[in-house]
Amino acid sequence: MTEAEYVCSLPPELVEKAEKELNEKPQWRSRDIQALRDMVLKQRDLKIRTDDAFLLRFLRAKKFDYDRAFQLIMTHYRMKLENRELFTNFRPSAIKHVLDDGVTGVLPSRDLEGRRVVVFRPGRWDPARYGLDDVFRTNFMTLSKLIQDEETQVNGFVMLIDLKNMGWSHAKCISPFYAKRISSLLQDAFPARFKGLHYLHEPSFFDYVFALIKQFLKEKTVSRLHFHGDRVEELAQFIDKANLPKEYGGDKPEFSNKDWAETLLKCDEEFDQEAKYGLLDSKAKSTKSSKADAMECLVGSYRKLDV
């Protein structure tokens, strides 16, 4: 495919933030992208987009460490291949029923740190009508669409998980296997910065559910979990009250995912195009010399930064 020329859309303050937190140097950006592209092209079993904008989201997710960015790409596509049943007919129109139920949505405004806020309300899911796979697909598509935005690549995501009306019929669907799958997606297989997960209205049995999930969470992830119970007013510490729906202690009207559903449902063709790419062999191993190759491509520019 023809590589589209990348044009940065970040405002000056986010260019500065990206340099400080992600080690993204504007004067080196093109060379960094090319170094990752060279690593991808050497992987015979990997057939994916290699345009600047696509590769850049993986570099930003791993703070411009080429080797880690490449490993994230491999993990991302290996996860898709090994869970191919989840990614069959993977298009928004196929999960319209989940969107219609209001299970997943996105606040129209960002939080105080400029992060997009995904609202997940599993209590609106009816397990008798459709399975947890459809809920997973909906959340994955939502994140996939949001991460296209450069500002979100730099600032990251926050998830607001409202457990109101969640019952045992929901909880019994969450096996250790599913808990591991969801945790792996958030921590290891998606090119995004997850900066906070806020739980609300946890039911009495939530300790059981969380015990399943926690065993698969990294310490860094656990440090970003917040449990608010019914204290919705605490969210104002993280999200401007003027941008919060009234049921979450804000000034906005009651939350509806209608706008987000309409946005996502227009993207069938986009997801159909993405489905053409992937890893051909789940046992494929990344090139052992990938880090050395990157060094050859860009002498002296291999940098790591732990922020």
Side-chain angles (χ1 to χ4, degrees), residues 1-43 46-77 79-80 87 90-92 106 110 114-116 118 140-157 185 189-195 260 263-264 266-279 286 290 293-294 297-298 301-303 305:
M1 63 179 291
T2 302
E3 308 296 352
E5 183 177 352
Y6 169 74
V7 178
C8 183
S9 64
L10 296 173
E13 62 272 17
L14 283 185
V15 171
E16 182 178 348
K17 180 177 182 178
E19 182 167 352
K20 180 180 179 181
E21 296 187 11
L22 307 181
N23 210 23
E24 179 177 345
K25 311 288 186 182
Q27 66 272 27
W28 295 341
R29 188 189 291 122
S30 294
R31 293 184 299 170
D32 292 344
I33 294 171
Q34 186 59 48
L36 179 58
R37 180 181 294 119
D38 290 344
M39 296 165 76
V40 168
L41 293 175
K42 288 183 179 180
Q43 194 69 34
L46 185 63
K47 306 300 180 184
I48 64 170
R49 286 172 53 187
T50 56
D51 56 282
D52 289 4
F54 181 77
L55 295 176
L56 190 54
R57 67 186 68 169
F58 289 91
L59 283 167
R60 285 172 171 156
K62 292 303 180 183
K63 300 177 182 177
F64 278 72
D65 181 323
Y66 311 132
D67 195 56
R68 292 177 64 217
F70 178 67
Q71 293 302 327
L72 176 58
I73 289 173
M74 293 294 291
T75 301
H76 180 84
Y77 283 99
M79 181 273 296
K80 283 189 170 184
F87 297 95
F90 191 72
R91 58 206 320 254
V106 182
R110 298 174 183 271
R115 301 171 289 208
R116 292 307 301 264
V118 177
F140 196 101
M141 287 186 208
T142 292
L143 295 174
S144 297
K145 183 61 181 174
L146 289 174
I147 201 58
Q148 295 174 5
D149 177 67
E150 289 201 277
E151 189 171 342
T152 302
Q153 292 170 19
V154 174
N155 288 329
F157 290 107
L185 165 66
F190 198 83
R193 307 180 75 197
F194 291 95
K195 306 301 288 186
W260 177 250
T263 296
L264 198 58
K266 295 175 183 176
C267 300
D268 270 5
E269 185 176 350
E270 186 178 303
F271 281 92
D272 289 346
Q273 286 297 317
E274 172 59 27
K276 297 177 180 179
Y277 302 107
L279 187 64
S286 56
S290 57
D293 291 339
C297 295
L298 219 182
S301 69
Y302 187 88
R303 306 172 306 282
L305 183 66

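Just so you know, residue 1 is the first one in the sequence shown, and it goes up from there.
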Open item on the list: Is the shortest side-chain heavy-atom distance between Val106 and Thr263 below 4.5 Å?
Closed with: no

TODO: Compare all side-chain heavy atoms of Lys80 with those of His76 and state whether any distance is below 4.5 angstrom.
DONE: yes

- [ ] Indicate the atoms forming the closest heavy-atom contact of Ala192 with Ala61, along with that distance.
- [x] N-CB, 3.8 Å

Open item on the list: Less than 4.5 Å apart, side chain to side chain, heavy atoms only: is that true for Glu150 and Leu56?
Closed with: yes

Open item on the list: Could you check whether any side-chain heavy atom of Phe70 comes within less than 4.5 Å of a side-chain heavy atom of Lys42, counting everything from C-beta outward?
Closed with: no

Task: Closest non-hydrogen atom pair, Phe64 against Asp32 - done: CD2-OD2, 3.3 Å

- [ ] Work out which heavy atom in Gly114 is nearest to a heavy atom in Asn155; give both atom names and the distance.
- [x] O-ND2, 3.1 Å

TODO: Work out which heavy atom in Arg49 is nearest to a heavy atom in Phe54; give both atom names and the distance.
DONE: O-CD2, 3.3 Å

TODO: May I ask you to decide whether Arg37 forms a salt bridge with Asp52, counting only side-chain N to carboxylate O separations under 4.0 Å?
DONE: yes

- [ ] For the residue pair Lys17 and Val15, establish whether any side-chain heavy-atom pair is separated by less than 4.5 Å.
- [x] no

Open item on the list: Are there over 12 heavy-atom neighbours, none belonging to Glu269, within less than 6.0 Å of that residue's CD?
Closed with: no

- [ ] Hey, could you give me the CG/CD1 distance between Leu46 and Ile73, rounded to the nearest 0.5 Å?
- [x] 7.0 Å

TODO: Indicate yes or no for a side-chain donor-acceptor contact from Gln153 to the backbone of Ile147 under 3.5 Å, with no hydrogens or angles considered.
DONE: yes

Task: Ile48 versus Gly278, closest heavy-atom pair with distance - done: CG2-N, 4.2 Å

Task: Distance, nearest 0.5 Å, that separates OG1 of Thr152 from CZ of Arg110 - done: 4.0 Å

Task: Donor-acceptor pair between Gln71 and Arg68 side chains, under 3.5 angstrom - done: no

Task: Leu41 side, atom CG; Leu36 side, atom CG - distance, nearest 0.5 Å - done: 9.5 Å

Task: Contact check, side chains of Leu264 and Phe271, non-hydrogen atoms, under 4.5 Å - done: yes

Open item on the list: How long is the straight-line distance from CZ of Phe194 back to CZ of Arg115, given to the nearest 0.5 Å?
Closed with: 12.5 Å

TODO: Supply the atom-to-atom distance Cys8 SG to Arg29 CZ, rounded to the nearest 0.5 angstrom.
DONE: 4.5 Å

- [ ] Check whether the ring centres of Tyr277 and Tyr77 lie less than 6.0 Å apart, and answer yes or no.
- [x] no

Task: Audit row: Phe157, Thr142, side chain to side chain contact (heavy atoms under 4.5 Å, CB included) steps and yes/no - done: CA-CA 11 Å; Phe157 290 107; Thr142 292; over 6 Å; no

Task: Distance (rounded to the nearest 0.5 Å) between Gln43 CD and Leu279 CG - done: 7.5 Å

Open item on the list: Between Arg91 and Asp272 (side chain of the first, backbone of the second, donor and acceptor by atom type, cut-off under 3.5 Å), is there such a pair?
Closed with: no

TODO: Apply side-chain contact (heavy atoms from CB on, under 4.5 Å) to Gln148 and list each qualifying residue two or more places apart in sequence or on a separate chain.
DONE: Arg57, Lys145, Glu270

